[in-house]
Amino acid sequence: MEDFLTKNQAHMLHHTLSDHLQALLSKKQLSRAEVVHGSQLDRAYVYQIFSAEKTPSRDKLIALSFGLHLTDDETKKMLKLSGNRELYAGDKRDVLIIFAIQRGLTIFDANELLFRYGMDLLGV
């Protein structure tokens with residue numbers, strides 16, 4: 001059992017958001033500084049999220065997903081684990097975010113798209 005758990009740890013849901021974010025950081029081979037840059041969130045705030053000192057809003061987590069270069073499924077999983085509503089294709093703003101994530105756009109590009117359609121921006 002221990003061998004199985006060790007080999008499959010990367011595929012298991014972690015119990016805390018902080019643990020999950022740490023696993024994503026390792027999986028994506030990114031530094032926290034790269035996530036800060038890619039998410040456009042405050043450095044201290046991102047570090048506090050990773051250390052479980054802060055509980056981020058849904059929008060802050062979505063901004064983090066851009067910094068972590070997550071897929072839409074990875075983003076949905078992170079949102080679900082955090083207790084937030086997943087991205088929903090019936091919501092116009094979420095559709096724009098899903099579109100941006102699926103195409104590998106940066107948070108700058110995603111915010112430009114949101115702005116163009118009169119939606120609230122991410123990471124601000």
Side-chain angles (χ1 to χ4, degrees):
M1 182 53 101
E2 291 299 320
D3 187 47
F4 176 82
L5 291 173
T6 302
K7 287 181 181 177
N8 292 289
Q9 185 172 359
H11 304 288
M12 295 179 201
L13 269 180
H14 295 275
H15 297 289
T16 68
L17 177 61
S18 177
D19 289 341
H20 186 67
L21 291 172
Q22 292 293 344
L24 287 170
L25 196 66
S26 177
K27 176 183 173 184
K28 301 289 183 168
Q29 298 181 339
L30 295 168
S31 68
R32 288 184 188 182
E34 290 170 313
V35 174
V36 168
H37 178 74
S39 68
Q40 288 300 291
L41 296 173
D42 178 73
R43 183 187 67 80
Y45 187 70
V46 170
Y47 280 66
Q48 289 170 334
I49 294 169
F50 273 89
S51 65
E53 294 173 42
K54 294 282 185 182
T55 303
S57 67
R58 181 176 187 265
D59 273 6
K60 300 292 186 198
L61 285 172
I62 294 170
L64 269 181
S65 77
F66 282 94
L68 286 163
H69 308 289
L70 300 184
T71 65
D72 58 331
D73 286 338
E74 290 170 329
T75 301
K76 289 176 187 178
K77 183 177 179 179
M78 178 182 61
L79 289 170
K80 185 176 184 177
L81 179 65
S82 70
N84 285 286
R85 181 175 59 85
E86 297 176 39
L87 293 170
Y88 174 59
D91 179 282
K92 185 176 180 179
R93 183 171 184 263
D94 281 4
V95 167
L96 295 171
I97 293 168
I98 293 167
F99 177 87
I101 290 170
Q102 287 179 342
R103 280 152 185 79
L105 301 180
T106 66
I107 194 164
F108 298 109
D109 296 329
N111 277 336
E112 184 176 306
L113 188 63
L114 291 169
F115 180 78
R116 191 177 321 144
Y117 285 91
M119 302 289 166
D120 292 337
L121 305 183
L122 296 166
V124 294

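Any value given below was found using the heavy atoms of this structure, including those in side chains, with hydrogens, waters and symmetry copies removed.
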Pairs touching residues 100-122 that satisfy salt bridge (charged side-chain N to carboxylate O under 4.0 Å, His left out), sequence neighbours left out: Glu112-Arg116

Ser82 versus Asn84, side-chain donor and acceptor atoms under 3.5 Å: yes

Sub-4.5 Å side-chain heavy-atom contact between Val46 and His37: no

Nearest-0.5 Å distance that lies between atom CG in Leu96 and atom CG in Asp91: 9.0 Å

Taking every non-hydrogen atom, the tightest pair across Gly38 and Ile107: O-CG2, 3.3 Å

Atom pair CG/CG of Leu61 and Leu68 - distance to nearest 0.5 Å: 10.0 Å

Tyr117 six-ring centre to Arg93 NZ/CZ under 6.0 Å and within 45° of normal: no

Euclidean distance, Leu114 CG relative to Leu121 CG, rounded to 0.5 Å: 6.5 Å

Closest non-hydrogen atom pair, Phe66 against Thr106: CD2-C, 3.8 Å

Glu74 and its side-chain hydrogen bond (donor to acceptor under 3.5 Å, both in side chains) partner, picked from His20, His69, Lys28: Lys28

CD1 on Ile97 to OG on Ser65, rounded to 0.5 Å: 8.0 Å

Any side-chain heavy-atom pair of Asn111 and Phe115 under 4.5 Å: no

N/O donor-acceptor pair under 3.5 Å between Asp72 side chain and Gln102 backbone: no

Closest non-hydrogen atom pair, Lys54 against Pro56: O-CD, 3.5 Å

Listed once per pair and sorted, the salt bridge (charged side-chain N to carboxylate O under 4.0 Å, His left out) pairs that draw on residues 78-87, sequence neighbours left out: Arg85-Asp94

Leu105-Val95 co-clustered via ILVMFWY side chain contacts under 4.5 Å: no

Nearest non-hydrogen partners of Leu70 and Thr75, listed with the distance: CB-OG1, 3.5 Å

Gap between atom CD of Gln48 and atom OG of Ser18 - 0.5 Å precision: 12.0 Å

Under the side chain to side chain donor-acceptor pair (under 3.5 Å) test, residues paired with Ser26 that sit two or more places apart: none

Hydrophobic cluster identity match, Leu113 and Tyr88, side-chain contacts under 4.5 Å: no

Atom pair CD/CG of Gln40 and Asp42 - distance to nearest 0.5 Å: 11.0 Å

Which atom of Ile101 lies closest to which atom of Thr71, heavy atoms considered: CG2-C, 3.5 Å

Donor-acceptor contact present, side-chain Ser39 to main-chain Ala63, <3.5 Å: no

Distance-minimising heavy-atom pair for Tyr47 and Val36: CE1-CG2, 4.1 Å

